[in-house]
There are 2 protein chains.
Amino acid sequence: MNEDTPGAGGGAGPGTVRPGGRTARVREAVLRAAGDALVERGFGGVDLAEVARRAGVGKTTVYRRWGTVPVLVADMLAEMAESSQPRADTGSLDGDLAALAGLILGTLTDERQGPLFKAVIATATGDGPTAEALHRFYRVRITEWAPCVDLAVERGEIPAGTDPAEVIRSLSAPLYYRLLASGDPLDAAAAKRAAAATAVAARAGVFVSAA
Amino acid sequence: MNEDTPGAGGGAGPGTVRPGGRTARVREAVLRAAGDALVERGFGGVDLAEVARRAGVGKTTVYRRWGTVPVLVADMLAEMAESSQPRADTGSLDGDLAALAGLILGTLTDERQGPLFKAVIATATGDGPTAEALHRFYRVRITEWAPCVDLAVERGEIPAGTDPAEVIRSLSAPLYYRLLASGDPLDAAAAKRAAAATAVAARAGVFVSAA
DNA sequence: ACGCAAACGGAACTCAAGTTCCCTTAACTC
DNA sequence: GAGTTAAGGGAACTTGAGTTCCGTTTGCGT
């Protein structure tokens, strides 16, 4: 099997000593091609040789640097965690939650991002390091949006001690549940309902941490 | 490729003309072995030849009757939808929701069921018929528990017109979100919070359908 | 009970995903 | 800007998942 892969914490594999120039270009091209393949065929239908071909790269390279689909996905997630999405600041908790719900809805229903998230999460269910990368990704996103909750506390809209992460999760969960499990429609009504339910629960103090 | 598979709606494949005796025993053994494999290796790590071996069945049989992992999983889901879980009736919405949250928590944290659900959902993300089977499964479960909500309406705890399915989904979603996406702890506190948030939102009329 | 064919099962076969080998290209250092 | 060597690439090779073939077992209608 392969040693020292990017996703894993320890060893320094190919691409770590000379990360510039060609190496960076190859990584970019391969990640993009891998994303395309995941969107089109889903996890399970991805052939690394095809990814290499579509990236205009030797398949030896793909096998050497990543080796398996989960490792490639973990690398993608690391990349995705970098690019941050700016949070809204509408002046009210309801407004901010509605904005975030709309953003998540937009992502999950997007023609490319929806299938991509499905495939990425499916991959993470079967591989520890990929799951860890996925959790890091969500931790980043939640941290970015936490200020909305803190501001609402300062404005006195919701009780002090409310856990921002719990609020964001409560908002996200129903949309992801629809995408992955129940298959129920993923529309504006669902987003609105998620935002409303979260806002009501937050005001009632359900998300106060040391309850 | 394979024609007439069990998961698909149309054709009558092997196992449909003489479903008794040996055929039934084979199906049972294969589904059990497939479940074990999914739990141990996750989707993607399942080898149909190994499933056949562990089921004590010729691998030709597995390939002929099912052919691919997704089709096998879809068949498993059809089986799982049959066996229903009795709903609670504690006399209050809070009690019923707490009971259901505990049941879901128990399932998702179970040593076998947790990984199994992960693998099944991962499979469904990449295959239409399997996704359809998964959605049917949840529709059945939701229908079973809907009476809790109807009773709460009758008792006057929550507004008339509340959509039972939305309530059940709102309860389930945070737990599934943790299992599949965020990786946050899946414990009693999470279940309690989900139940509380759902109850508060329901009382506030967030889940009234024709709002 | 009998007979037909549905379903099962062993074994040989195929072919493409993944590996290995070795040469070429081009980052990074001084 | 010259040398060192990390990283990439082409092509042959290996291996095991999936298929095919055909003989055997057994469910089911009569």
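Naming convention: chains lettered A, B, ... in sequence-line order (proteins, then strands); numbering from 1 in each chain.
Between C/dG18 and A/Tyr63, a contact under 4.0 Å exists linking OP1 or OP2 to a side-chain N or O. A sub-4.0 Å separation between OP1 or OP2 of C/dC8 and a side-chain N or O of B/Arg65 is present.
Per the geometry, CH2 belonging to B/Trp66 stands 15 Å off P belonging to D/dG18, to the nearest Å. What separates CG of A/Asp47 from C1' of C/dA17 is a distance of 6 Å, to the nearest Å. Distance CG (B/Leu48) to P (D/dG16): 16 Å, rounded to an integer number of Å. For B/Arg64 and D/dT20, the CZ to C1' distance is 11 Å, given to the nearest whole Å.
Every side-chain hydrogen bond (donor to acceptor under 3.5 Å, both in side chains) that B/Glu79 has, sequence neighbours left out, goes to B/Arg27. For A/Thr107, the side-chain contact (heavy atoms from CB on, under 4.5 Å) partners are A/Gln113, A/Phe117, not counting sequence neighbours. Every residue meeting the side-chain contact (heavy atoms from CB on, under 4.5 Å) condition with B/Asp187, not counting sequence neighbours, appears here in chain and number order: B/Pro185, B/Ala189, B/Ala190. Judged as a side-chain contact (heavy atoms from CB on, under 4.5 Å), and not counting sequence neighbours, the contacts of B/Pro115 are B/Val39.
A/Ala74 and A/Ala133 get closest at one heavy-atom pair: O-CB, 4.0 Å.
Each salt bridge (charged side-chain N to carboxylate O under 4.0 Å, His left out) pair with one or both residues in residues 89-102 of chain A, not counting sequence neighbours, appears once here: A/Asp94-A/Arg203. For residues 34-51 of chain B, the set of pairs meeting the salt bridge (charged side-chain N to carboxylate O under 4.0 Å, His left out) definition, not counting sequence neighbours, comprises B/Asp36-B/Arg112, B/Glu40-B/Arg54, B/Arg41-B/Glu50, B/Glu50-B/Arg54. Judged as a side-chain hydrogen bond (donor to acceptor under 3.5 Å, both in side chains), the pairs with a partner in residues 164-176 of chain A (not counting sequence neighbours) are, in order, A/Tyr138-A/Tyr176, A/Glu166-A/Arg169, A/Glu166-B/Arg178, A/Glu166-B/Arg193, A/Arg169-B/Asp184, A/Ser170-A/Thr198. The list of ring-ring contact (aromatic ring centres under 6.0 Å, His included) pairs with a residue in residues 20-57 of chain B, not counting sequence neighbours, reads A/Phe43-B/Phe43. Contacts classified as side-chain hydrogen bond (donor to acceptor under 3.5 Å, both in side chains) and involving residues 125-134 of chain B (residues at least two apart or in different chains) are given here: B/Asp127-B/Thr130, B/Glu132-B/Arg139.
Each end of the helix from C/dA1-D/dT30 to C/dC30-D/dG1 yields a helix axis from five base pairs, and these two axes differ in direction by 60° (to the nearest 10 degrees).
Atoms CG and CG, from A/Leu77 and A/Leu31 in turn, are 10.5 Å apart once rounded to the nearest 0.5 Å.
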Find every protein N or O atom lying less than 3.5 Å from an N or O atom of nucleotides 23-29 of chain D, and list the pairs.
from: D/dT25; atom 1: O2; to: B/Arg22; atom 2: NH2; distance (Å): 3.1
from: D/dG27; atom 1: OP1; to: B/Arg22; atom 2: N; distance (Å): 3.3
from: D/dG27; atom 1: N2; to: B/Arg18; atom 2: NH2; distance (Å): 2.1
from: D/dG27; atom 1: N3; to: B/Arg18; atom 2: NE; distance (Å): 3.4
from: D/dG27; atom 1: N3; to: B/Arg18; atom 2: NH1; distance (Å): 3.3
from: D/dG27; atom 1: N3; to: B/Arg18; atom 2: NH2; distance (Å): 3.2
from: D/dC28; atom 1: OP1; to: B/Pro19; atom 2: N; distance (Å): 3.4
from: D/dC28; atom 1: OP1; to: B/Gly20; atom 2: N; distance (Å): 3.0

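Contacts between residues 50-62 of chain A and DNA chain C, defined by a heavy-atom separation under 4.0 Å, are made by A/Lys59, A/Thr60.
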